[in-house]
Colleague: 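Sharing a structure below in structure tokens format, with a few things to ask.
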Amino acid sequence: MGTQAPVITVDGPSGSGKGTVSRLVAWRLGWHFLDSGALYRLVGLAALQHGISLEDEQPLGQLAGQLDVRFESDGGVDEGRIMLEGVEVSAEIRSEQVAAAASRVAALPAVRDALLGRQRGFCRAPGLVADGRDMGTVVFPGAQLKIFLTASQQERALRRYKQLKEKGIDVNLVTLLDEIERRDARDGARQAAPLRMADDAILLDSTVIPVEQVVDRILELWQRSGLAGHHSS
Ligand code: C5P
């Protein structure tokens with residue numbers, strides 16, 4: 001094994017902007033990117049497609065372990081194409097129905113265990129930015145820089161509302177806020193890898209700071225850590 005590639009983890013609740021932020025940080029550094037939420041969404045979608053009950057831990061764990069997924073990126077900052085069993089599902093996995101299914105399968109230890117190795121496999125030179133809920137606490141506890149990004153529930157609901165509207169999906173703001181509250185509660189209360197800030201993570205709040213500034217702040221923290229030069233290729 002050569003030198004381990006450096007990892008920056010960005011954890012936080014849904015709608016905190018961590019997806020956009022971590023994608024931009026990865027792009028600016030020229031590093032790989034892991035959207036771990038997409039993996040849980042893919043397990044949720046596959047379970048719905050195969051008619052597996054969202055409580056049936058063993059078959060869901062097996063499904064997660066054998067999941068045939070591909071992230072096709074052209075190296076740009078955009079999301080790229082996400083393929084499940086050879087079919088593009090990039091838009092489908094962003095629906096509220098799949099989000100709810102993802103959050104339910106994510107509470108099952110067998111599913112989390114099955115995805116662990118797959119997530120760690122994303123860590124390759126020159127580095128990885130990992131976006132999720134437990135990146136800094138469970139998947140990459142030795143990460144060189146850990147960020148916990150948050151924002152108020154109202155702000156997160158509003159962002160999600162705008163995102164879905166832009167995609168032509170009709171939603172109600174109050175319903176969204178309700179769903180976000182419920183999902184936060186479930187993600188925070190579950191036994192397996194609940195959403196919590198790692199002891200050595202740095203807390204950033206994107207309620208009032210624009211995304212670009214959050215990105216700059218993370219890059220600055222990385223430069224200042226003294227590890228940037230050490231790990232540059
Ligand atoms: O981040 P995103 O909204 O795509 O995540 C979907 C769901 O997957 C979350 O609600 C959460 O339950 C789960 N998840 C998780 N651990 C991660 C990433 C996502 O439990 N590292």
Side-chain angles (χ1 to χ4, degrees), residues 7-23 26 33-48 54-55 57 60-61 63-64 67 69 71 79-80 82 84 89-123 128-141 143 146-151 153 156-157 159-161 163-164 167 169 171 176-198 201 206:
V7 181
I8 297 177
T9 58
V10 184
D11 288 307
S14 51
S16 59
K18 66 190 162 57
T20 312
V21 163
S22 24
R23 215 175 278 284
F33 171 66
L34 165 63
D35 175 359
S36 62
L39 286 174
Y40 288 97
R41 285 171 184 266
L42 286 159
V43 176
L45 175 61
L48 295 174
L54 297 176
E55 266 107 58
E57 181 161 1
L60 288 169
L63 181 76
L67 207 63
V69 303
F71 291 88
E79 179 166 281
I82 299 178
L84 174 63
V89 292
S90 318
E92 210 171 341
I93 61 161
R94 301 297 161 198
S95 74
E96 287 304 299
Q97 190 202 7
V98 172
S103 160
R104 287 179 62 187
V105 298
L108 305 171
V111 170
R112 305 201 73 87
D113 287 350
L115 292 183
L116 202 56
R118 200 185 278 258
Q119 294 175 87
R120 290 186 176 148
F122 278 76
C123 180
L128 174 72
V129 180
D131 157 2
R133 303 289 190 294
D134 62 341
M135 297 296 99
T137 49
V138 177
V139 182
F140 300 107
K146 299 179 184 178
I147 305 293
F148 194 86
L149 188 63
T150 186
Q153 282 186 335
R156 292 190 282 126
R159 282 181 195 162
R160 189 91 189 104
Y161 177 78
Q163 251 178 21
L164 293 171
K167 289 183 183 164
I169 302 170
V171 277
L176 268 185
L177 184 57
D178 192 55
E179 276 168 9
I180 283 189
E181 275 172 20
R182 239 178 316 150
R183 198 135 64 97
D184 277 1
R186 187 161 43 207
D187 289 349
R190 70 181 176 218
Q191 293 269 315
L195 173 66
R196 70 167 184 86
M197 187 170 141
S206 75

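These numbers come from the heavy atoms of this one structure, side chains and all, not from hydrogens, waters or symmetry mates. Ligands are counted one by one from 1 in listed order, and the atoms in each one are counted from 1 as well.
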Colleague: Nearest heavy atom to atom 20 (O) of ligand 1: which of Arg112, Arg94, Arg160, Arg133 does it belong to?
Modeller: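 That would be Arg112.
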Colleague: Given that the side chain starts at C-beta and the backbone is N, CA, C, O, which of these parts of Lys18 lies under 4.0 Å from ligand 1, counting heavy atoms, or is it both or neither?
Modeller: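 Within the 4.0 Å criterion, Lys18 contacts ligand 1 through side-chain atoms alone.
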Colleague: Please could you name the atoms of ligand 1 that Arg41 approaches to less than 4.0 Å, counting only its heavy atoms?
Modeller: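 Going through ligand 1 atom by atom, the ones under 4.0 Å from Arg41 are 2 (P), 3 (O), 4 (O), 6 (C).
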Colleague: Knowing that exactly one of Arg112, Arg190, Lys146, Arg196 qualifies, which makes a salt bridge (charged side-chain N to carboxylate O under 4.0 Å, His left out) with Asp134?
Modeller: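 When Arg112, Arg190, Lys146, Arg196 are each tested with Asp134, the salt bridge (charged side-chain N to carboxylate O under 4.0 Å, His left out) holds only for Arg112.
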Colleague: Is Gln97 atom CD crowded by more than 12 heavy atoms from other residues, nucleotides or ligands, each under 6.0 Å away?
Modeller: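 Open: at most 12 neighbouring heavy atoms sit under 6.0 Å from CD of Gln97.
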Colleague: If we set the cut-off at 4.0 Å for heavy atoms, which region of Arg190 has an atom near ligand 1: side chain, backbone, both, or neither?
Modeller: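 The part of Arg190 near ligand 1 is the side chain, not the backbone.
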Colleague: Got a salt bridge between Glu92 and Arg41, using NZ or NE/NH1/NH2 to carboxylate O under 4.0 Å?
Modeller: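 Judged by the 4.0 Å cut-off on N to carboxylate O distance, Glu92 and Arg41 do not form a salt bridge.
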Colleague: Is the closest N or O pair between Arg183 and ligand 1 shorter than 3.5 Å?
Modeller: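 Yes - when backbone and side-chain N and O of Arg183 are compared with those of ligand 1, one distance drops under 3.5 Å.
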Colleague: Check the side chains of Thr20 and Arg159 for a donor-acceptor pair under 3.5 angstrom, ignoring hydrogens and angles.
Modeller: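 No, no side-chain donor-acceptor contact under 3.5 Å.
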Colleague: Just need the protein heavy atom nearest to atom 8 (O) of ligand 1, so name the residue and atom and give the distance.
Modeller: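 The answer is Tyr40 CB, 3.4 Å.
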Colleague: Can you tell me which portion of Asp187 lies within the under-4.0 Å heavy-atom range of ligand 1? Options are side chain, backbone, both, or neither.
Modeller: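 Only the side chain of Asp187 comes within reach of ligand 1.
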Colleague: With distance as the sole criterion, is a donor-acceptor pair present between the side chains of Ser103 and Arg186 under 3.5 Å?
Modeller: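 Yes, side-chain donor-acceptor contact under 3.5 Å.
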Colleague: Can you confirm whether Phe71 sits close enough to Leu42 that some side-chain heavy atom of one is under 4.5 Å from a side-chain heavy atom of the other?
Modeller: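 Yes - at least one pair of side-chain heavy atoms lies under 4.5 Å apart.
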Colleague: What atoms of ligand 1 come closer than 4.0 angstrom to any heavy atom of Ala106?
Modeller: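 Heavy-atom distances to Ala106 below 4.0 Å select 12 (O), 13 (C), 20 (O).
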Colleague: Under a heavy-atom criterion of less than 4.0 Å, does Met135 contact ligand 1?
Modeller: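 Yes.
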